[in-house]
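These notes concern the structure reproduced below.
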Amino acid sequence: MESRTDPLRAGILIGVTVGLVGITFGVLARSAGLSVAKACTMSLLVFTGASQFAAVGVVGSGGSALAALGAAVLLAARNTLYGPVVGRAVRGPLWSRLVQSQLVIDESAGLAAAQPDARSARRGFLAAGLGVFAFWNLGTLLGALGGDVLGDTDRFGLDAAFPACFLALLAPHLRTLPGRVAALLAGAIAVLAIPFVPVGVPILLGALAIVPAGALRSHRRTTAMGEAPEGEDGS
Amino acid sequence: MSWVVILTLAAVSYALKAVGVVLLGSARLRGRAVDVVGLLPPALLAALVAVQTFSDAQRVVLDARAAGLAFAGLAVWRRLPFAVVVVGAAVVTALVRWIA
């Protein structure tokens with residue numbers, strides 16, 4: 001039913017998009033007082049965009065280093081939750097999985113999760129992970145070096161490209177009722193939480209929607225097994 | 001921001017990723033656990049869409065991004081290509097900002 005995009009093409013496209021956002025990060029990092037070396041080190045080693053934006057944003061608006069670290073770490077915590085999501089995509093011996101771990105981000109987890117089987121999930125994970133890694137770091141360098149010329153990248157609507165990406169990745173999950181419940185509930189929880197908790201936490205709170213939605217799924221699975229043998233709910 | 005803060009953030013961020021992959025990635029989850037964890041992608045993706053569209057730091061806002069997302073929703077529903085969804089959303093948002 002859902003439109004399947006080739007994971008390699010999607011990964012490169014996501015990479016290019018994120019690269020443009022990387023330029024924004026480079027510009028913002030400089031304006032928050034970071035050197036080019038610090039901005040580029042963050043993109044190479046921290047490599048999780050939302051955390052980097054949060055850290056730089058807090059420091060740029062006069063927040064303490066501890067507040068910056070706190071917001072960034074809370075945002076990065078969702079990458080742990082991506083473990084089970086990318087499990088079938090990240091294979092190989094321990095050292096190899098440890099190296100690949102650095103590529104676990106929203107985009108790679110999202111693209112891996114959107115694939116129908118383990119093989120294309122692996123392609124999707126690597127394409128998005130490596131694509132984003134290359135373009136994010138290139139973008140950061142360009143933004144940090146010459147950002148003053150470009151000005152506000154929000155003028156080009158780049159900030160809306162992100163949710164649009166996620167929405168496209170979300171669509172296949174909306175085929176089942178529990179998937180729709182999880183998505184709607186998570187979105188509602190996240191928006192309601194925005195004014196009350198630090199930046200980054202609404203996304204984690206939204207993830208709690210899997211508890212009621214999961215109960216619904218279990219209920220439907222057991223009910224379907226009781227009534228008809230082909231109790232398949234998709235996933 | 002000092003080098004200590006940046007390198008600490010780098011170490012913690014990497015550890016959070018590696019713990020997920022190594023400890024949770026190969027977890028053989030069954031039954032109810034699969035039901036719950038399998039719903040993480042739609043929940044996290046929807047929360048990301050919501051937060052990245054309707055928030056400005058700790059404020060709930062309705063701005064040009066909502067128009068971009070509306071276009072994206074329509075494009076996804078019409079099953080248009082991924083590139084059209086993403087680039088279209090950016091263009092619509094930029095246009096609304098330019099007009100406003």
Side-chain angles (χ1 to χ4, degrees), chain A residues 3 5 10 13 17 34 38 41-42 45-46 48 59 65 69 72-73 76-77 79-85 87 90 97-98 101 104 110 113 156-158 160-171 173 179 182-183 186-187 190-191 194-195 202-203 206-207 209-210 213-214 217-218 235, chain B residues 1-3 5-6 8-10 12-14 16-27 29 32 35-55 57-60 64-65 68-69 72-73 76 79 81-83 85-86 89-94 97:
Chain A
S3 61
T5 18
L13 194 71
T17 310
L34 272 73
K38 279 179 177 172
T41 303
M42 268 187 105
L45 297 183
V46 178
T48 177
V59 167
L69 203 57
V73 167
N79 290 330
T80 306
L81 296 184
Y82 290 148
V85 179
V90 183
R97 278 180 289 141
L98 283 174
S101 292
V104 176
F156 309 119
L158 280 184
F162 265 104
C165 267
F166 294 131
L167 188 68
L169 293 172
L170 172 63
H173 294 284
V191 169
I194 288 168
I203 293 165
I210 62 170
R217 199 176 173 197
S218 297
S235 62
Chain B
M1 202 173 336
S2 70
W3 279 109
V5 173
I6 289 172
T8 306
L9 179 57
V12 175
S13 299
Y14 174 74
L16 287 167
K17 292 173 180 177
V19 162
V21 167
V22 174
L23 296 185
L24 304 177
S26 48
L29 301 169
R32 276 168 197 277
D35 289 334
V36 173
V37 174
L39 289 169
L40 263 176
L44 278 169
L45 287 169
L48 281 163
V49 170
V51 168
Q52 295 194 345
T53 306
F54 301 111
S55 80
Q58 270 182 273
R59 286 188 313 129
V60 177
R65 288 172 295 175
L69 190 75
V76 167
R79 298 205 199 129
F82 190 76
V85 175
V86 176
V91 169
V92 168
T93 303
R97 270 196 193 123

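Values in this document were obtained by computation on a predicted structure and should not be read as measured data.
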Specify the closest pair of heavy atoms between A/G157 and B/R97, including all atoms of both residues, with the distance to one decimal.
-> CA-NH1, 3.9 Å

Contacting region of A/A113 [heavy-atom separation from chain B under 4.5 Å] | side chain

Contacts of B/A10 that satisfy side-chain contact (heavy atoms from CB on, under 4.5 Å) - sequence neighbours left out = A/L45, A/V46

Donor-acceptor under 3.5 Å (B/R65 side chain, B/Q52 main chain) = yes

Quick one: side-chain hydrogen bond (donor to acceptor under 3.5 Å, both in side chains) partners of A/T48, sequence neighbours excluded?
-> A/N79

Atom of B/V76, atom of A/A168 and distance for their closest heavy-atom approach = CG2-CA, 3.8 Å

Check each atom of A/V85 against the heavy atoms of chain B and say whether the ones under 4.5 Å are side chain, backbone, both or neither.
-> side chain

Of the listed residues (A/L81, A/L169, A/L98), which shares the most heavy-atom pairs with chain B below a 4.5 Å separation?
-> A/L98

Determine the option with the most heavy-atom pairs under 4.5 angstrom with chain A, choosing from B/A94, B/G73, B/A50.
-> B/A94

Sort A/V73 into side chain, backbone, both or neither according to what part of it lies under 4.5 angstrom from a heavy atom of chain B.
-> both

Please answer whether the main-chain N or O of B/M1 pairs with a side-chain N or O of A/K38 as donor and acceptor at a distance below 3.5 Å.
-> yes

If you look at every heavy atom in A/A186 and A/G206, which pair is closest and at what distance?
-> CB-O, 3.2 Å

For chain A, find which of B/T8, B/V19, B/L44, B/T53 contributes the most heavy-atom pairs closer than 4.5 angstrom.
-> B/L44

Whatever's closer than 4.5 Å to a heavy atom in chain A on B/V12 counts as side chain

Option in B/V5, B/L48, B/T93, B/V91 with maximal non-hydrogen atom pairs under 4.5 Å from chain A = B/L48

Heavy-atom proximity to chain B below 4.5 Å, by part of A/I194 = both

Check whether any side-chain heavy atom of A/L167 sits under 4.5 Å from a side-chain heavy atom of B/L69, and report yes or no.
-> yes

Ranked by heavy-atom pairs below 4.5 Å to chain B, first place among A/A77, A/A209, A/A183 goes to A/A183

Region of B/A64 in contact with chain A, defined by heavy-atom distances below 4.5 Å | neither

